[in-house]
Amino acid sequence: MQSSIVKTQNRVIRAEGKIRSRGMWAEVWRNFRKSFGAMLGLFIVGMIVVAAVAGNFIFDYDEHVVGQNVSESKQEPSAKHWFGTDEYGRDIFARVIWGARYSISIGFASVLLSSLVGVTLGALAGYYGGVTETIIMRLADIFMAVPPILLGICLVSAFGQNIFMLVIAVSVSAIPAMTRVSRASVMTVRDMEFVEAARAAGANDIVIIFRHVLINSLAPVIVQATLRISGTIIAIAALSFIGLGITAPTPEWGAMLSSARGYIRGHSYMALFPGLAIMITVMGFNLIGDGVRDSLDPKLKK
Amino acid sequence: MIRYILKRLLMLIPVMIGVSLFIFIIMDFAPGDAAMTALGDNATEQQLFEYRQERGLNDPVFVRYARYMLGIVRGDLGTSYITNRNVLQTYLQKLPYTLELAFSGTLLAVFFSIILGVIAALRRGTIIDSSVMILALIGLSMPLFWLGLLLIICFSLNLGLLPPGGAEGIEYLVLPAVTLAVAKMALLTRTTRSSMLEVINEDYIRTARAKGVSKKDAVRKHALRNALIPIITAIGIELGSSLGGSVIVETVFAWPGVGRLIVDSIGKRDTPMVTGCLILTTMIVAMLLLIVDIIYAYVDPRIKGQYSK
C-alpha cells in the first residue's frame, strides 16, 4: 500500500518533469502545427516531393522525359497528355513532375551551402570582432553591392554551366545576408554568462563558438534560411530561363519556360504548366517559411 | 548630417574597388575571350593575337586591372573590347530605359500596396484582410518571367491590346511595368500591413481619436506616418533591386535597358563593359540607399538626431 503511493507520486513527478523538459523544437513544432498556412505549405511541399519520387517509377527518363516523339508534337492537353506535349512531342506532365527534383534539390543545396558558409563567417565576425569582423563584413558589403542575379550570371558564365556551379552561383549571393544575420545573432549571445562559464572551464574558442554560442544563436539563421528557399528556387529557374542555368533537354522548369517562349503564339499551354509548378512550389516554401518564422520567433509574429 | 553623407560616400570607394577587382578576376576565368567573340570562328591565330595586342588583352589580369583603375581615377571607364565604344556613353544611353521601367514599376507598386496594406491592417482578421494576404502570397510566389509570359499571352496575343516587346512608346511600357509592379506589390503590401498593425493599437492613436480626430485622419496622419520607416526602407530596397535586377523583365519584353546590356556583354566576354556597368549600377543603388537614409531623417526627427552624432 505504502509503496504503491510512493510509486504513483514518483510517476506524477516524472510526468511533470517530462512536461517541463519539452524541448525548444517540440515547442516550435507545436506552434507550427497550429498555423493553417504553415501546415498547408508543408502539405504542398510534401505532395511535390511525393510526386517527384513517384515520377521516378512512373516515367522512364530516356523514354518519356527527354525522348522525342515528333508525331505527337504540340498537342493540346488531353486525357492522354494531361498537360499537352511540347515541340518534340514530349509529355509536359512527365517533364513537369520530373523537373521537381531539380528545383527542390538545388534549392535545398544552395540554401544549405550559403547557410553553412554564412553562419561560420558570421560567427567568426560576431565572436572575435575587431579586424576579423572588419574584413569579413567589408567583404560581405562588396558581394551585397552586386545585384544577386547579375552576380549569378557572372559566376555561371565564368565557371561553366553545370548543376554544381549553379548551386554555388545562387549561394554566393545569399552568403552576405546569412553572414549578417548570424553575426548579429552571435553578438547578442557572446557576452552571456554561460559563454564566460565555458571559457572559465577551459574550453577553447572553437568549442565555445560551435558548441555554446552558435547553437544558441541559430533561430534567426534558420528563419532566414527557410525564407530563402523559395527565392533560391525562383533564382535557379530565372537563370535557366535566360539560358544560363540548366539547359534543354533537361526538364528544369525555367528551361522549359524558356523553350515554350518560342511557341506562345498558338501553343500557349506549353508556357502555363511549368510556371504553375514553380509558383505552387515556391508558395509552399513561402508558407513554410512564414510558419517557421512565426513559431520560432514569436516576437516577429505580425 | 553632411558629415554623415560624406562618410557614407567615402565608404563606397573600397566597395567599388572590391566589386571591380572581383568582376575582373571572374571574367578572366570565363572560357573564350573578346577577340574570339569579335572576330568569329574563322579568325587565324595571328588575327586573334593582333586584336588582343591592340587592346592590351595579352597582359596578365592584374596589369589590365591596374590600367583600368588608372583610367577610372581619371574619370575614364574604358572602351568596349567588342564595339570600341565608350563604356560610360553606352551605359548612359541604356540607363533611361531601365530608370523608366524601375520607377514606373515601383510607383505603381507603392500606390496600390500602401492602399491594400492599410486596408488589410484596418480590417484585420476579416475576409478582406485574408484575400489581400492571399493575393500578396500569390504575387510573391510568381516568377517574374512567367507572369510576363502570361501577360504577353493574354494582352498581346489574345486581346491584341498591347505590344509584346520593344520600347517604342508609352504603350510598350505598360506590360513590363505591371510585371515588375506585381512582385514588388506583394512584398510592399506585406510590409505596409505589418508595419501598420504595429502602430495601430498604440496609445497615441487612441489619444488622437479621443481628442476628436476623425478615423481617416488618425490613420493617415498619425498611424501611417509612424508606420512609414519600414515602408520607405522596403521601397528603397525594391527600387534598388529593380535597377540592378531588371534583367529578367528586360529579357522577357525585349526592353533595351542596362540589364540586357550587362548580360549581352557577359556573353561576349567584354570585361570593361561588364565591369563599368556593374560599377555604375552599384553606385546608383548605393546612392539610392543613401537617399533613403536621408529621407528617414525627415520622416522621423529621432533618426536625424542619430545622424548628427
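Each chain gets a letter, A, B and so on, in the order its sequence line appears, and its residues count up from 1. All values below were derived from every heavy atom in this structure, side-chain atoms included, with hydrogens, water molecules and symmetry-related copies excluded.
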Problem set entry | Shortest non-hydrogen contact between A:Ile142 and B:Pro14, atoms and distance | CD1-O, 4.3 Å

Exercise. Just wondering, more than 12 heavy atoms not from B:Phe155 lying within 6.0 Å of its CZ?
Worked result: no

Exercise. Is it the case that more than 12 heavy atoms not belonging to B:Ile127 sit under 6.0 Å from its CD1 atom?
Worked result: no

Problem set entry | Non-hydrogen atoms of B:Arg190 and A:Asp290 that approach each other most closely | NH2-OD2, 2.6 Å

Problem set entry | Contacting moiety of A:Ser268, where chain B heavy atoms sit under 4.5 Å | both

Exercise. At a heavy-atom separation under 4.5 Å, does B:Leu12 approach chain A through its side chain, its backbone, both, or neither?
Worked result: neither

Exercise. Quick one: of B:Ile152, B:Thr281, B:Leu149, who has the most non-hydrogen atom pairs under 4.5 Å with chain A?
Worked result: B:Leu149

Exercise. What's the shortest heavy-atom distance between B:Ser141 and A:Val282, and which atoms?
Worked result: CA-CG1, 3.6 Å

Problem set entry | Side-chain donor/acceptor of B:Trp146 to backbone N/O of A:Ala271, under 3.5 Å | yes

Seminar exercise, completed: All heavy atoms of B:Thr251 vs all of A:Arg261, minimum pair found to be O-NH2, 3.0 Å

Problem set entry | Region of A:Ile234 in contact with chain B, defined by heavy-atom distances below 4.5 Å | both

Seminar exercise, completed: Bottom line for A:Phe143: the part with an atom under 4.5 Å from chain B's heavy atoms is side chain

Exercise. Any idea which of A:Ala260, A:Ser230, A:Ala237 has the most non-hydrogen atom pairs under 4.5 angstrom with chain B?
Worked result: A:Ala237

Exercise. With only heavy atoms counted, which part of B:Leu147 is less than 4.5 Å from chain A, the side chain, the backbone, both or neither?
Worked result: neither

Problem set entry | Interchain contact, B:Val15 with chain A, by part (heavy-atom threshold 4.5 Å) | both

Problem set entry | Over 12 non-hydrogen atoms of neighbours within 6.0 angstrom of CE in B:Met283 | no

Exercise. Heavy-atom distance under 4.5 Å between the side chains of B:Leu150 and A:Leu272, does that happen here?
Worked result: yes

For this session: Please look at B:Leu140 and chain A and tell me whether the side chain, the backbone, both or neither of the residue comes under 4.5 angstrom of a heavy atom of that chain.
Result: both

Seminar exercise, completed: If one checks every heavy atom of A:Ile280 against chain B at 4.5 Å, the contacting part turns out to be neither

Exercise. With a 4.5 Å heavy-atom cut-off, do B:Val252 and A:Phe241 have their side chains touching?
Worked result: yes

Exercise. To the nearest 0.5 Å, how far apart are CG in A:Asn286 and CG in B:Leu137?
Worked result: 6.0 Å

Exercise. Checking A:Leu151 against chain B: side chain, backbone, both or neither under 4.5 Å from a heavy atom?
Worked result: side chain

Seminar exercise, completed: Looking only at heavy atoms, the pair that brings B:Pro143 and A:Ile278 closest together is CG-CG2, 3.5 Å

For this session: Output the distance between atom CD1 (B:Ile262) and atom CG (A:Leu150), rounded to the nearest 0.5 Å.
Result: 5.0 Å

Exercise. Where is the tightest heavy-atom contact between B:Leu278 and A:Cys154, given as atom of each residue plus distance?
Worked result: CD1-SG, 4.2 Å

For this session: Return yes when atom CE of B:Met69 has more than 12 non-hydrogen atoms of other residues, nucleotides or ligands closer than 6.0 Å, and no otherwise.
Result: yes

For this session: Verify the neighbour count for atom OH of A:Tyr269: are there more than 12 heavy atoms of other residues, nucleotides or ligands below 6.0 Å?
Result: yes

